[in-house]
S.K.: 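Below is one structure. I have some questions about it.
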Amino acid sequence: GPSWQKREEVQRAKDKETAALKRAKLAETKEKIKLEDVKLEQQEQAKQNQLKSYEENLKRTFESEVEKYAVRVLPLGSDRDLRTYWLLNARDSRIFVHDPLHDGAA
């Protein structure tokens, strides 16, 4: 009788210890996973920031190149003397004034 009970108590103690070790290992694994998730999230955010920066630089470069050759297709407006005003190059801010009464047809 008593030795059987003693063995059972020892086995329960071992089982408790094993369960505690498993819980500790599980908690450690969960923490590692959390850290990896945070690391991956930071890497993804860095990639997104890098991509955004690249896109912004590309857009600025494109706009700069377009401005070099841009000619306005629509007039800015006209005045009471029927002169039409055109912005020829946004970078240099050159304005062309077309006067239909003095356009060289005289």
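In this text, all values refer to a predicted model and were calculated from it rather than measured experimentally. Sequence positions, counted from 1, serve as the residue numbers for this chain.
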S.K.: Would you compute the distance between atom CZ of R7 and atom CD of Q5 and round it to the nearest 0.5 angstrom?
M.R.: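 The CZ atom of R7 sits 11.0 Å away from the CD atom of Q5.
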S.K.: Can you give me every donor-acceptor pair (side chain of residues 23-33, partner residue at least two apart or in another chain, under 3.5 Å) with its distance?
M.R.:
residue, atom, partner, partner atom, Å
T29, OG1, K25, O, 2.9

S.K.: Which pairs count as side-chain hydrogen bond (donor to acceptor under 3.5 Å, both in side chains) when at least one residue sits in residues 35-50, sequence neighbours excluded?
M.R.: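 Checked against side-chain hydrogen bond (donor to acceptor under 3.5 Å, both in side chains) - neighbours excluded - the pairs reaching residues 35-50 are E44-Q48, Q45-N49.
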S.K.: What's the separation between atom OH in Y54 and atom NZ in K59, rounded to the nearest 0.5 Å?
M.R.: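 With rounding to 0.5 Å, OH (Y54) is 15.0 Å from NZ (K59).
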S.K.: Which atom pair, heavy atoms only, marks the closest approach of W86 to L76?
M.R.: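 Closest approach of W86 to L76: C-CD1, 4.0 Å.
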S.K.: Take E8 and R12 through the salt bridge (charged side-chain N to carboxylate O under 4.0 Å, His left out) test and state the conclusion after the steps.
M.R.: CA-CA 6 Å; E8 197 173 291; R12 271 189 256 141; 2.8 Å; yes
S.K.: Quick check: does any side chain N or O of D79 sit under 3.5 Å from a backbone N or O of D81, one acting as donor and the other as acceptor?
M.R.: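 Yes, because the side chain of D79 sits within donor-acceptor range (under 3.5 Å) of the backbone of D81.
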S.K.: Between S64 and R60 (side chain of the first, backbone of the second, donor and acceptor by atom type, cut-off under 3.5 Å), is there such a pair?
M.R.: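 Flag not set: sc S64 to bb R60 has no pair under 3.5 Å.
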